[in-house]
Structures are given as C-alpha cells and as structure tokens.
Amino acid sequence: MEIFQIVGIGLVATMMIVFLKDQKPEFALLISVATSIIIFYFVINKFQVVIQVLTNLAKNANVDFIYFTTILKIIGIAYVIEFGAQISRDAGEESIASKIELGGKVIIMVLGLPILMSLMDLIIKILP
C-alpha cells in the first residue's frame, strides 16, 4: 500500500507547485526537489529486497559475482542519473539534464567494458 503514499505525496506536491509556481518559483522548485527525494527514499528501500533476491539467484546459478555486482552498479547508476536529470528538467535546465545523462552513459560504458572484454574472449575461444 506504499504506492498510495507515493502517489499521494506526488499529487499534494504537484498541487502545491502549481499554486506556487507563479508567485514563488523558488519555493516550487524546492518542493519539487524535496518531493523527489522523499519518493526516492520510499523506492530505495524496495531495491534492497530486489538485490537480495537477485544475489541469491546469481549464487544458485553459479554466476561470477564480479559480473553480477557490475550489472547491479550499472542499474543503480542508471536510476541515479535518471533521477538527477529529471530534477534538472523540473528546474528548466534541459542542457544540464542532457549533460548528466551523457556523463552517466560514459560511466556505464566504462563499467561495462570488463563484461564486454570477457564476452569477446569467450567468442574468440569458440571460433576456430
């Protein structure tokens, strides 16, 4: 039932922002950021359960833990980048949001290089 809390917080914040946007735009932005952080806090607790289940699945499937942790880092970075970019967009800073996304894509690419190299080694070993 936490979804109702999240939606409720979001709707109340949206109404407050709509009313304050014309008179006090700085307060509207602060409400937007604070609401985003509160909702992010609600959601981050659920990630712990998902990570625990995925960790157990990876152990049972004998997946190399280094690859698994790298994939989890990539997923986490993607969520954080999206969160930061959306806050920048809410503030009307599209150019900063696109730079945040670009930075995140580069970091994800760098983190994914060891997995790509391992995959390429495997392909080379398979080919005669």
For the [atom1] atom of [X] and the [atom2] atom of [Y], what is their distance to the nearest 0.5 Å?
| X | Y | atom1 | atom2 | answer |
| --- | --- | --- | --- | --- |
| Thr35 | Leu30 | OG1 | CG | 10.5 Å |
| Glu82 | Arg89 | CD | CZ | 6.5 Å |
| Lys46 | Ile51 | NZ | CD1 | 13.5 Å |
| Tyr67 | Ile71 | OH | CD1 | 10.0 Å |
| Leu11 | Phe4 | CG | CZ | 12.0 Å |
| Leu122 | Met117 | CG | CE | 13.0 Å |

Verify the cluster assignment for [X] and [Y]: are they in a single hydrophobic cluster under the rule of side-chain heavy atoms below 4.5 Å apart?
| X | Y | value |
| --- | --- | --- |
| Ile77 | Leu54 | no |
| Ile44 | Ile39 | yes |
| Ile6 | Val12 | no |
| Ile9 | Ile37 | yes |
| Ile17 | Leu20 | yes |

Give the minimum heavy-atom separation between [X] and [Y], together with the two atoms involved.
| X | Y | result |
| --- | --- | --- |
| Lys73 | Leu111 | CB-CD1, 4.2 Å |
| Ala85 | Ile100 | N-CG2, 4.1 Å |
| Gly10 | Thr14 | O-OG1, 2.6 Å |

Positive for side chain to side chain contact (heavy atoms under 4.5 Å, CB included) with Ile123, one of Leu119, Asp121, Ile126: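 By the side chain to side chain contact (heavy atoms under 4.5 Å, CB included) criterion, Ile123 pairs with just one of Leu119, Asp121, Ile126: Leu119.
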Pro114 side chain near Thr70 side chain, heavy-atom distance below 4.5 Å: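 Side-chain contact under 4.5 Å: no.
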Flag if over 12 foreign heavy atoms under 6.0 Å of CZ, Phe40: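 Check passes, neighbour count above 12.
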Within 6.0 Å of CG in Leu57, more than 12 heavy atoms from elsewhere: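 More than 12 within 6.0 Å, yes.
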Donor-acceptor under 3.5 Å (Ser32 side chain, Ala28 main chain):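 No, Ser32 side chain to Ala28 backbone: no donor-acceptor pair under 3.5 Å.
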Contacts of type side chain to side chain donor-acceptor pair (under 3.5 Å), residue Tyr79, not counting sequence neighbours: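 Testing Tyr79 for side chain to side chain donor-acceptor pair (under 3.5 Å), a comparison that skips the adjacent residues, returns none.
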Exercise: do Gln52 and Gln48 side chains pair donor with acceptor under 3.5 Å: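 Looking only at side-chain atoms, Gln48 and Gln52 do not form any donor-acceptor pair under 3.5 Å.
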Salt bridge (charged side-chain N to carboxylate O under 4.0 Å, His left out) partners for Glu93, two or more places apart: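 For Glu93, no residue satisfies salt bridge (charged side-chain N to carboxylate O under 4.0 Å, His left out) once neighbours in sequence are set aside.
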